[in-house]
Amino acid sequence: MDLLNFLFLDSLYEFFNPKKRIFIGYLLIAVLIAAFWLVYFRKLNLREAINKIFDKKILFSKSAKSDYLLFFINQIIMSVISPVLITQLAIATALFYYFHSVSWLDAGVWNNTPLVIIISAFTLFHFLLEDFSKYFVHRLMHKWPILWAIHKVHHSATFLTPMTVFRTHPLEGVVFSLRSAFTQAISISSFVFLFGPQVDIATILGANIFIFAFNIAGSNLRHSHIDISYWKWLEYLIISPAQHQVHHSVLKQHHDKNFGVALAVWDWFFGSLHHSEKIENLKLGIHINQKEDTHSLRSLYFEPLKEIILIVIKPLTKLKQILKLIKFTLIGVNR
Amino acid sequence: MQNKFTKLILAGVFGTTLALPAFGDGHSYGPFPITLKGYSGDKTNSVSYSGQIARHVQHDSLKKLAGSGNLPEMMAYFKGSDKNKKILAPASKGDFKIKQTLLNEISSGKNLSGKSYKGLVNGWPGGMTGVEVLEHMINKAAEHGSAFDPNTGYNYPQLISKFAMGAVFYNQAVDNYLDEKLGPDNKPNNKPYKDGAYYTGKEHSWDEAFGYWGAAAHSLNLTAEQNYNITKMKDMAAADHNGDGVVDLKTEYNFAHAYYAASYDKGGKTDYFNTVTQAFVDGRKIITAANGEALTNAQRSQLYVLRDIIGQNWEKVIAESVFKYAGSVYKDIDKLQTIIEANGDTTKAFATYGKHWGELKGFALALQCGKNNIGETAVKLNRMMGFGPVLLNSSQVTGVDSNGNFIKDEASGWDEYKLHMLKIQKLMVDVFAVKARANDQLANISDLSAKLGGSNSAEND
Ligand SMILES: [Zn+2]
Ligand SMILES: [Zn+2]
């Protein structure tokens, strides 16, 4: 019981950690941005705006409630899994060693670069690498059947709230942890190798300044029903909340669009960009008439596993049939 | 004085009932009373380790001479001399006045060669024993005539000094006095250490080991910073415990590995100096409390626990030194590469590199002079370091010929050698769990890794 209590408190800590999306400060700013948007662009009065932002039908929907549950349960599961995953430190050290053995690479060649430039370059490089790798992995999550089986958990949300970020299968959590470990290791090892021991990252409240900027610009509204869109030209560069909501849409023309997190340029370059559209009550989820059962814990945790097993077994049964056929032709008896 | 006397009496009365009997102020190595049965002389303090201090002084003086090219003089400090030799180091410096100026004021008839490691030294070319390696180094230093030889990259004072500290002090303490001589059948506590001595077998064995450790008798009352500054000759007040205006090398100075321990501890991450010195004090109290009787098994096992604490932490101090100088060598190569690229003058930077490499090699060899064979660790250490530093023309000493002259051959590249330094640092962390980690070349990587922080929650963006 003590452990559960501890994990519960540990979970709540996420609301007070500026490195986390659901930091209370970012949530507050998101509410302000949403209110501003609804009053100035949607012409609601303030009371209507507040009512719309805190829509009880959405916040207490079956979909949202399962988000909240997953937030706590996953915390416990991940606290068991993460210690056995490879760390960014282990990978960074190995890469740093490796770079020394590459004959055409010289350690510390840019050691004398001014500190401001080193820090700016590292901060920007790491942000770009992170953002691109997130785009890339997200794209894979949609294109590979095994990965899609687990990413589907996130897309099964029929209403979006900032807590929907936690509507994630633990296996997907593992994939994301590894992605994060590898990108951090690449940034750290290459910069320390080339620029020496003064490499550092520019942060605000402990968060990478770009991530901080992304979060105070209302990142929490990506998972919400407030369909803030940007000018068309800006949506080529930065993903608007409405664009991510399009990513969650059930409509066929919206499938496999807008994989990006902060930057839209990756989607633009690789042809998966979709601008926001003015659609009243965009339907969200995996498909139309999605079953209520998709919000049950059993379904959220075990359906993906079942699906993966089926995907793996299919080729095996085919193999069995082929073997049978070989046996038949060789021995001539089908018994 | 009155107070100390009362404490002593009280200790005598209640001492045996306490887990750790109290003698003296509890924080000093001595004075401890005479316990030898049947002793009728006028001595009141059974502590004696002046022979070890004499060897520390011979070592410091030899280091000072090693760049001079004067072979007979060097040998006089290494092998001992009939003459009453001058103490070349530590010698008075400004306000920091040293009490003794001649070796025999400390102890006479001592030498380093007779107490040097007799085992095979794998990390030095030629397949020689510890004492032979030291002699070889001294001969080569004399042949070359100055401290640094750019032809081999060897800095002789550093090589000789850092290796001697391991081959003599560390080896004698952990592999002899705290090993065989602690056994039940060797140097028993109910007999004098040798005929005519006023101290028992066990008292003196323990004292000798403490003497080799090198800490001042009152050093536990000081901070790491103060202990460090005593050896740097910067803190007279801390050193001069009895306030007589001079520093008594026999009790008031920190030598050798004790000094290195303090140098790491002042960073705040470790407590090697106090851990080892306190264990020595505690062990001496146990022996004193036996009151001249043979040690019981229980007393002996208490000593074994302390002996292990001493051995492990002493080893860590040497491993910290290997770690530190591997980092220095890495940085020195960085600097050299920059200078070479800019077509600058490498003379000074190369000499610094050689000095740090000499310290690295010396400490690495010292680490292999302990009680236990460090096996695989030694093999890796010696292979990655090589017999000599990688030189500017990418060659390296690879052996000695039949006349004991160094042979050189093509070495791996600079970056490869830097990688070896990183791996040596990692080896010290993995095997000896060093904590002070001076000059950590991976510190930046672990700091950044911690700062960026792993993602440990399942989150979609
Ligand atoms: Zn998706
Ligand atoms: Zn989403």
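Chain A is the first sequence line, chain B the second, and so forth, proteins listed ahead of strands; every chain is numbered from 1. Values below: every heavy atom of this structure, side chains too, minus hydrogens, waters and symmetry copies.
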Would the A:Trp266 and A:Phe259 ring centres measure less than 6.0 Å apart? no
Contacting moiety of A:Asn111, where chain B heavy atoms sit under 4.5 Å: side chain
Any donor and acceptor pair, going by atom type alone, linking the side chain of B:Lys355 with main-chain N or O of B:Gln158 inside 3.5 Å? no
For A:His169 and A:Leu305, the nearest pair of non-hydrogen atoms, with its separation, is CE1-CD2, 4.1 Å
Where does A:Asn112 contact chain B at under 4.5 Å (heavy atoms): side chain, backbone, both or neither? side chain
Give a yes or no on whether B:Lys335 atom NZ has more than 12 heavy-atom contacts from other residues, nucleotides or ligands under 6.0 Å away. no
Contact part of A:Ala181 toward chain B, heavy-atom cut-off under 4.5 Å: side chain, backbone, both or neither? neither
In terms of heavy-atom proximity below 4.5 Å to chain A, should B:Thr338 be classed as side chain, backbone, both, or neither? side chain
Of all of B:Lys331, B:Lys418, B:Glu416, which one pairs up most often with chain A through heavy atoms under 4.5 Å apart? B:Lys418
Under 4.5 Å from any heavy atom of chain B - which part of A:Leu105: backbone
Part of B:Asp461 within contact of chain A (heavy atom distance under 4.5 Å): both
Using the six-membered ring of A:Tyr97, assess whether NZ or CZ of B:Lys423 lies under 6.0 Å from its centre and within 45 degrees of the ring axis. yes
With a 4.5 angstrom heavy-atom cut-off, which part of B:Gln441 approaches chain A: side chain, backbone, both or neither? backbone
Segment of B:Leu442 engaging chain A (4.5 angstrom heavy-atom cut-off): side chain
Say whether, by atom type as modelled, one donor and one acceptor occur between the side chain of A:Asn220 and the main chain of A:Pro162 under 3.5 angstrom. no
Ionic contact status for B:Asp447 with B:Lys451, cut-off 4.0 Å: no
Can you tell which part of A:His138 gets under 4.5 Å to a heavy atom of chain B, answering side chain, backbone, both or neither? neither
